[in-house]
Asker: 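This is the structure I want to talk about, given as structure tokens.
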Amino acid sequence: MARLVIKSLQDGLRVFDITTERVLVGRGDDVDLLLPNISVSRHHAQLIVGQSGVAIEDLNSSNGTLINGKRVSTRTPLTSGDEISMGKFTLVFMGNGPEDRFYDGRYLEYMVKYEPSAPRFEDSTFAMSPDQLRKLQEDVHTMRNAKLVLAKNKSRYWHPEDRPLTFGGGGMVEVEAMFSSGVLAEIVWDGARHVVTKKAYLTKILVNDEPVSSRVLRRGDRVRIGSTTFIYELSDS
């Protein structure tokens, strides 16, 4: 199933599943994908799903539709990773191949579904002490900004965030190992830290060259699963 990742400064990343052969996009009441802003036409564009893939067609919108910064006026095929601009909104098209399960290192299945009309609820941070609030902010920063970088190709990385990130032939991230089927290891968030845990008896998990069965990860740790090495990084921003 192809998807759109909708980027927002306010809400972060949200995902929209393309489940029908035609998806009408705009700010009108009758659209399939609602983009509620005056910069978007009521019927702005449509996505068409065919045997050869997914294409987008602008519907004579006022501000136009751009793909990777270039305005399009005719039906145009989409390639995974294409950035679509409609008014103030940026949508990223993701195909349905195995390599399209992640966007910016984040697993699409774990992303919040895009629901622009969903109600917002206030949290209870007002009841926390300043120290408790500071600790919560630090933990959230670690959880959101930590990433596991492939040592041999640092342009590839994955964000563990707050749900399990699994490794191996039966997991989310492939690794090189003699026995690579199934899930070999996973990284989970324990509420304050990321922890790597061995899941397969015959596969070695090393952190900084020391064999482990379970270990809290710290900035700069080198994690080796089978013969694939990752670096656990945490940005300051």
Side-chain angles (χ1 to χ4, degrees), residues 1-118 144-150 152-159 161 172-173 233 235-237:
M1 174 175 56
R3 298 178 171 92
L4 292 171
V5 175
I6 300 172
K7 301 165 68 174
S8 167
L9 291 175
Q10 182 178 14
D11 297 322
L13 302 177
R14 298 289 187 269
V15 66
F16 176 85
D17 298 335
I18 300 174
T19 59
T20 57
E21 294 182 354
R22 177 179 179 269
V23 177
L24 180 61
V25 186
R27 62 178 173 87
D29 294 335
D30 58 342
V31 299
D32 304 301
L33 174 53
L34 175 64
L35 301 179
N37 187 270
I38 193 66
S39 64
V40 178
S41 297
R42 295 184 184 278
H43 290 178
H44 195 105
Q46 64 178 351
L47 299 170
I48 302 97
V49 181
Q51 292 183 348
S52 59
V54 180
I56 190 168
E57 181 179 11
D58 185 80
L59 299 176
N60 296 316
S61 63
S62 298
N63 293 322
T65 300
L66 286 74
I67 300 178
N68 302 324
K70 182 178 179 180
R71 187 162 181 162
V72 295
S73 56
T74 58
R75 185 174 298 188
T76 305
L78 292 171
T79 301
S80 192
D82 280 346
E83 289 206 351
I84 305 164
S85 298
M86 298 184 194
K88 65 170 287 187
F89 293 90
T90 298
L91 297 73
V92 182
F93 173 75
M94 302 298 295
N96 57 3
E99 69 281 4
D100 301 320
R101 296 181 297 168
F102 289 85
Y103 172 72
D104 192 30
R106 290 177 167 84
Y107 192 48
L108 293 184
E109 292 291 343
Y110 288 167
M111 282 188 188
V112 176
K113 298 298 183 183
Y114 178 72
E115 297 178 359
S117 59
R144 293 297 181 199
N145 290 280
K147 62 183 178 181
L148 211 65
V149 180
L150 187 63
K152 68 179 182 180
N153 180 2
K154 294 188 176 182
S155 66
R156 296 192 63 192
Y157 56 86
W158 298 264
H159 290 280
E161 296 191 289
M172 303 171 187
V173 181
E233 295 186 355
S235 66
D236 293 321
S237 58

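Here, residue 1 is the first one in the sequence, and each next residue gets the next number.
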Asker: Please determine which of Asp58, Ile56, Asn37 meets the side chain to side chain contact (heavy atoms under 4.5 Å, CB included) test together with Met86.
Answerer: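 Single side chain to side chain contact (heavy atoms under 4.5 Å, CB included) partner of Met86 among Asp58, Ile56, Asn37: Ile56.
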Asker: With a 4.5 Å heavy-atom cut-off, do Val23 and Phe16 have their side chains touching?
Answerer: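 Yes, close enough: below the 4.5 Å cut-off.
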Asker: Do the side chain of Thr76 and the main chain of Thr74 share a donor and acceptor less than 3.5 angstrom apart?
Answerer: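 Pair found, side chain donor or acceptor close to backbone of Thr74.
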Asker: Got Arg27 and Leu35 here, is their nearest side-chain heavy-atom distance under 4.5 Å?
Answerer: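 With C-beta onward as the side chain, the pair stays apart.
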Asker: Any chance you could measure Leu33, atom CG, to Leu24, atom CG, to the nearest 0.5 Å?
Answerer: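 The CG atom of Leu33 sits 9.0 Å away from the CG atom of Leu24.
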Asker: Side chain to side chain contact (heavy atoms under 4.5 Å, CB included) for Val15 and Lys113? Distances and angles first, verdict last.
Answerer: CA-CA 5 Å; Val15 66; Lys113 298 298 183 183; 3.9 Å; yes
Asker: Would you please test Arg101 and Leu108 for side chain to side chain contact (heavy atoms under 4.5 Å, CB included) and show each step?
Answerer: CA-CA 6 Å; Arg101 296 181 297 168; Leu108 293 184; 5.8 Å; no
Asker: Closest heavy-atom contact between Gly95 and Ser80?
Answerer: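 Result for this residue pair: N-OG, 3.2 Å.
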Asker: Any side-chain heavy atom of Tyr103 within less than 4.5 Å of one from Met111?
Answerer: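 Tyr103 vs Met111: side chains touch.
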Asker: Any side-chain heavy atom of Gln46 sitting closer than 4.5 Å to one from Ile48?
Answerer: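 Yes. Closest side-chain heavy atoms under 4.5 Å.
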Asker: Is the number of heavy atoms from other residues, nucleotides or ligands within 6.0 Å of CD (Glu99) greater than 12?
Answerer: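 Check passes, neighbour count above 12.
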Asker: Restricting to non-hydrogen atoms, name the atom on Ser61 and the atom on Arg71 that form the minimum distance, rounded to 0.1 Å.
Answerer: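 Closest approach of Ser61 to Arg71: O-NH2, 4.2 Å.
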Asker: Would you call Arg156 and Val149 a side-chain contact if the rule is heavy atoms closer than 4.5 Å?
Answerer: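 They are not in side-chain contact.
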Asker: Fit a plane to each ring of Tyr107 and Phe102, take the angle between them on a 0 to 90° scale, and name the class: parallel (under 30°), tilted (30 to 60°) or perpendicular (over 60°).
Answerer: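 It falls in the tilted class, 30° to 60°.
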Asker: Please determine whether the number of non-hydrogen atoms from other residues, nucleotides or ligands lying under 6.0 Å from atom NZ of Lys152 exceeds 12.
Answerer: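 It does not: Lys152 NZ has 12 such atoms or fewer within range.
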Asker: Evaluate Asp17 against Leu4 for side chain to side chain contact (heavy atoms under 4.5 Å, CB included), listing each step before the verdict.
Answerer: CA-CA 7 Å; Asp17 298 335; Leu4 292 171; over 6 Å; no
Asker: Answer yes or no: is there a side-chain heavy-atom contact under 4.5 Å between Leu47 and Leu78?
Answerer: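 In short, these two side chains touch, coming nearer than 4.5 Å.
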Asker: Which atom names give the shortest non-hydrogen contact between Gly64 and His44, and what distance separates them?
Answerer: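 So the minimum-distance heavy-atom pair works out to O-NE2, 2.9 Å.
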Asker: Where do Val54 and Ala2 come nearest, in terms of heavy atoms and distance?
Answerer: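 Closest approach of Val54 to Ala2: CG2-CB, 4.2 Å.
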Asker: Look only at the side chain of Thr20 and the backbone of Arg22, and say whether a donor-acceptor pair between them is shorter than 3.5 Å.
Answerer: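 Side chain of Thr20 to backbone of Arg22, a donor-acceptor pair under 3.5 Å: yes, one is there.
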Asker: Could you check whether any side-chain heavy atom of Tyr157 comes within less than 4.5 Å of a side-chain heavy atom of Leu148, counting everything from C-beta outward?
Answerer: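 Not touching, per the 4.5 Å side-chain cut-off.
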Asker: Ignoring hydrogens, what is the shortest heavy-atom contact between Ser62 and Ser41? Give both atom names and the distance.
Answerer: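 That closest heavy-atom pairing would be N-OG, 2.9 Å.
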Asker: With side chain to side chain contact (heavy atoms under 4.5 Å, CB included) as the criterion, how do Met94 and Val5 come out once you've worked through the C-alpha distance, each side chain's angles and the decisive distance to 0.1 Å?
Answerer: CA-CA 7 Å; Met94 302 298 295; Val5 175; 4.0 Å; yes
Asker: Rounded to the nearest 0.5 Å, how far apart are CG of Leu34 and CZ of Arg42?
Answerer: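 One gets 11.0 Å once the value is rounded to the nearest 0.5 Å.
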Asker: Just by modelled atom types, is the Ala146 backbone N or O under 3.5 Å from a matching donor or acceptor in the His159 side chain?
Answerer: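 Yes, His159 side chain to Ala146 backbone: donor-acceptor pair under 3.5 Å.
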Asker: Could you tell me whether the side chain of Arg3 reaches within less than 4.5 Å of the side chain of Glu109, counting heavy atoms only?
Answerer: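 They are in side-chain contact.
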Asker: To the nearest 0.5 Å, how far apart are OG in Ser85 and NZ in Lys70?
Answerer: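 If we round to the nearest 0.5 Å, Ser85:OG and Lys70:NZ are 14.5 Å apart.
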Asker: Please say which of Thr65, Val72, Leu66 ends up in a side chain to side chain contact (heavy atoms under 4.5 Å, CB included) with Ile84.
Answerer: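 Among the candidates, only Thr65 passes.
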Asker: So with a 6.0 Å cut-off around CG of Asp30, is the heavy-atom count from everything else above 12?
Answerer: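 Yes, enclosed.
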Asker: Answer yes or no: is there a donor N or O on one side and an acceptor on the other, between the side chain of Thr90 and the main chain of Lys7, under 3.5 Å?
Answerer: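 Not confirmed, Thr90 side chain does not pair with Lys7 backbone.
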Asker: Please report the interatomic distance OH(Tyr114) to CD1(Ile6), rounded to the nearest 0.5 Å.
Answerer: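 Spacing of OH (Tyr114) from CD1 (Ile6) equals 5.0 Å.
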Asker: Any donor and acceptor pair, going by atom type alone, linking the side chain of Asp82 with main-chain N or O of Thr79 inside 3.5 Å?
Answerer: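 Checked: pair present.
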